[in-house]
Every structure is written in structure tokens, then in C-alpha cells.
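The block underneath contains the structure these notes are about, expressed in C-alpha cells.
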Amino acid sequence: MDTLREAFHKVEKIEEGTYGVVYKARNKHTGQLVALKKIRLDSLLDVIHGQKKLYLVFEYLNQDLKKYLDSSQTGEIPLSLVKNYLFQLLQGVSFCHSQGVIHKDLKPQNLLINEAGTIKLADFGLARTFGVPLRTYTHEVTRRALFPGDSQISQLFRIFRTLGTPTEVTWPGVTQLPDYKGTFPRWTRKEMEEIVPNLDRDGRDLLVQLLLYDPSRRITAKAALDHKYFWRSPQSPEEQHVPQRHRR
């Protein structure tokens, strides 16, 4: 640290992510402006460096969720495992949000899993702190996406056909948004039993709250961890990793 302070002067913090902080800094000897990244050591197992190469050693998880889905004959995963993974993902997202970070690229390829039933968020290359304009999101969600659009307007219409075209009743202020069109087709909302027939009542209730149009009414990741969907005791070997109920 003393060597760092002797060599560089931090001008300002550029951005902060889950794994580190990036500063704009000036080399005290040459005057050159540089980007200085401070990595939190608890995200690394080891650092190995040579004369011209640097290796960062991270925890190993043997596959991602997309590979798991691709290897499945049906492309689906047991509902017990869905609950397990969802709880862990909500924990990860809740932590990110508590640190003021939005991942922005949650998709199967960036969700790493292992045989023990662990799933972790990975690849924070597009992560941003709150307050930065968010314009580009990944279009891929799962192998069998709930809203499988192939363009922006197709994606919107897929959502509208399922959740109903948003109105001032379901989303106050929506008609004032820059890209809102009064000419959008009017679809009525489908019932969750039709959308996800294999999901139980509590699971459908949680999904409804996660998919609310109005951001002020949509359930947060932290609140979702206490939803009754997670209260049920494990009923099968696959559910042994599912917490019976989240406790703070």
C-alpha cells in the first residue's frame, strides 16, 4: 500500500462493482493518468504473477446453467431444484442491490453451478452502479424463455400478450414514458395457471410479484427471500439444499 501511495495519486472514483473499485489516478512520477482497479481479496483464492503474465485464481464450478439445460433431454429442471436455485439467486441479487450494483447480464451462461446444488452469479463485466442510465439488457433468459422475443418490439408484445398491455391502472405513469405508444395492441392478462401450470400456488404468487409492471410495487430480491414459496420443508432428496425459511 505504501508503494501504491508513493507512485499514484487517486483523482476520483470512476465506478464500483461487486468485486472491486476503479479509480482515476495520476502517476506521481510521470504525470500520466491511469485507471487503477482495487480488487477485494475475498473474491480471489490466489494471485500468481510472472514477468509478463498475471493469473487470478477463482473458485471453480464445473458448469453453467445453460450447459446443464442443454444436457437435459427436456431442457427443464426439477421444480425442487428451481426453488433451490431461485433462493440462492435471490440471495446473490439481494446482496448486489444492497451494495448498489445491478448485474445487467443475468442469463444461464453467467450462472455457475456444481454437483452440490450451489449456483452463483458470475461475469460482472456489464454490472453498473445505481444511477447510471441502463439502455442495453441481455435478451436471453433461459433455454425456454418465458418471453422469447427476437427483437425489441417482439419482446414487448410477448410480454404484453402474457401480462396484459400495461395501463395507467396497472402501471401509473406508463403513458408518460418516452417510448410508450398509444397504438400498442390491447391484450388482456393471462392466468398464471396457464403460463406455468406445473408451478404450485405459492410459486405462482411469487412469480406474479416478480413480474409486476410497476417497479414501486414489484417485490424486491430481499423481500422475495421471505416469501412463503420458500417456507415448505423439503419433500425429496433434490430439495435437501432448499432452506425451509429464510431467517435474517
Side-chain angles (χ1 to χ4, degrees), residues 18 61 63-66 68-69 72 74-99 101-122 137-138 140-148 155 158-164 166 170-171 188-248:
T18 300
L61 286 88
Q63 65 176 328
D64 59 48
L65 187 58
K66 186 176 190 304
Y68 177 83
L69 291 173
S72 171
T74 63
E76 299 178 349
I77 58 179
L79 291 178
S80 57
L81 196 55
V82 169
K83 180 182 291 188
N84 178 7
Y85 283 169
L86 178 58
F87 189 87
Q88 293 182 68
L89 292 176
L90 287 171
Q91 286 180 311
V93 172
S94 177
F95 175 78
C96 290
H97 290 177
S98 72
Q99 302 301 307
V101 173
I102 299 176
H103 188 286
K104 284 191 63 183
D105 200 18
L106 286 176
K107 59 185 179 182
Q109 296 95 319
N110 291 341
L111 302 175
L112 305 182
I113 61 177
N114 63 15
E115 295 90 343
T118 299
I119 186 167
K120 294 191 175 185
L121 309 186
Y137 295 87
T138 177
E140 184 169 0
V141 182
T142 69
R143 183 178 176 184
R144 298 180 62 187
L146 186 59
F147 310 116
Q155 186 74 61
R158 290 272 186 175
I159 295 171
F160 292 172
R161 286 190 184 100
T162 301
L163 303 182
T170 58
W171 186 357
T188 58
R189 183 185 182 88
K190 293 182 179 179
E191 295 297 327
M192 276 295 151
E193 290 86 348
E194 178 183 354
I195 301 169
V196 282
N198 293 330
L199 198 59
D200 63 31
R201 182 178 59 185
D202 291 337
R204 291 194 297 268
D205 180 77
L206 175 58
L207 186 59
V208 166
Q209 295 189 56
L210 288 169
L211 295 178
L212 286 176
Y213 280 129
D214 187 351
S216 66
R217 297 174 55 215
R218 190 181 308 137
I219 193 170
T220 65
K222 182 178 180 180
L225 288 168
D226 277 325
H227 191 277
K228 57 185 176 181
Y229 175 59
F230 298 112
W231 295 2
R232 183 165 58 88
S233 300
Q235 299 295 319
S236 65
E238 292 87 352
E239 289 184 293
Q240 293 306 307
H241 296 287
V242 181
Q244 293 187 24
R245 181 172 181 180
H246 175 64
R247 297 182 184 275
R248 290 188 180 88

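Computation of the quantities below employed the complete heavy-atom set of this structure, encompassing side-chain atoms and omitting hydrogens, waters and symmetry-equivalent molecules. Everything numeric here is computed off the predicted structure, so don't read it as measured data.
Here the closest heavy-atom approach between residue D105 and residue N110 is recorded as O-ND2, 2.9 Å. Of all non-hydrogen atoms in Q88 and T118, the two that sit nearest each other are OE1-CA, 3.4 Å. In this structure, T170 and D214 approach most closely via the heavy-atom pair O-CB, 3.9 Å. Across all their heavy atoms, F230 and K83 have their closest contact at CE2-O, 3.6 Å. Here the closest heavy-atom approach between residue P215 and residue W171 is recorded as CD-NE1, 3.6 Å. Annotation for V93 and A221: closest pair CG1-CB, 3.8 Å, computed over non-hydrogen atoms.
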Q: Start with the C-alpha distance between E193 and R204, add both sets of side-chain angles, then the distance that settles side chain to side chain contact (heavy atoms under 4.5 Å, CB included), and finish with yes or no.
A: CA-CA 8 Å; E193 290 86 348; R204 291 194 297 268; 3.7 Å; yes
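Between Y229 and D200, some side-chain heavy-atom pair lies under the 4.5 Å cut-off. No side-chain heavy atom of H97 sits less than 4.5 Å from a side-chain heavy atom of V101. Taking the side chain as every heavy atom from C-beta outward, P148 and R158 approach each other to under 4.5 Å. At a threshold of 4.5 Å between non-hydrogen side-chain atoms, the residues Q63 and L112 do not count as touching.
Under the rule for a side-chain contact (heavy atoms from CB on, under 4.5 Å), P197 has no partner lying at least two apart in sequence or in another chain. A search for side chain to side chain donor-acceptor pair (under 3.5 Å) contacts involving T188 returns nothing, not counting sequence neighbours. Annotation: side-chain contact (heavy atoms from CB on, under 4.5 Å) contacts of L210 (sequence neighbours excluded): L206, I219. In terms of the salt bridge (Lys or Arg N to Asp or Glu O under 4.0 Å) criterion, E191 has no residue partners (sequence neighbours excluded). Checked against side-chain contact (heavy atoms from CB on, under 4.5 Å), R189 has the following partners two or more places apart in sequence or in another chain: L163, M192, V208. D64 is linked by a side chain to side chain donor-acceptor pair (under 3.5 Å) to nothing, counting only residues two or more places apart in sequence or in another chain. Residues passing the salt bridge (Lys or Arg N to Asp or Glu O under 4.0 Å) test with K190: none are found, sequence neighbours excluded. Applying the side-chain contact (heavy atoms from CB on, under 4.5 Å) rule to L89 yields the partners L111, I119, L121; only residues at least two apart in sequence or on another chain are considered. Remark: F160 pairs with F184 by the ring pair (Phe, Tyr, Trp, His ring centres under 6.0 Å) rule, at least two apart or across chains. Legend: residues meeting side chain to side chain donor-acceptor pair (under 3.5 Å) with N114, ordered by chain and number and at least two apart, are absent. The side chain to side chain donor-acceptor pair (under 3.5 Å) search around K120 returns E59, not counting sequence neighbours.
Not a single donor-acceptor pair under 3.5 Å links the side chain of S94 to the backbone N or O of Q91. The closest donor-acceptor contact from the side chain of R218 to the backbone of Y213 lies under 3.5 Å.
One finds the CG atom of L225 at 5.0 Å from the CZ atom of F87 (value rounded to the nearest 0.5 Å).
Ring-plane geometry between Y85 and Y68 is classed as perpendicular, the angle between the planes exceeding 60 degrees on a 0 to 90 degree scale with a lower cut at 30.
With 3.5 Å as the limit, one finds a donor-acceptor pair spanning the side chains of D205 and H227.
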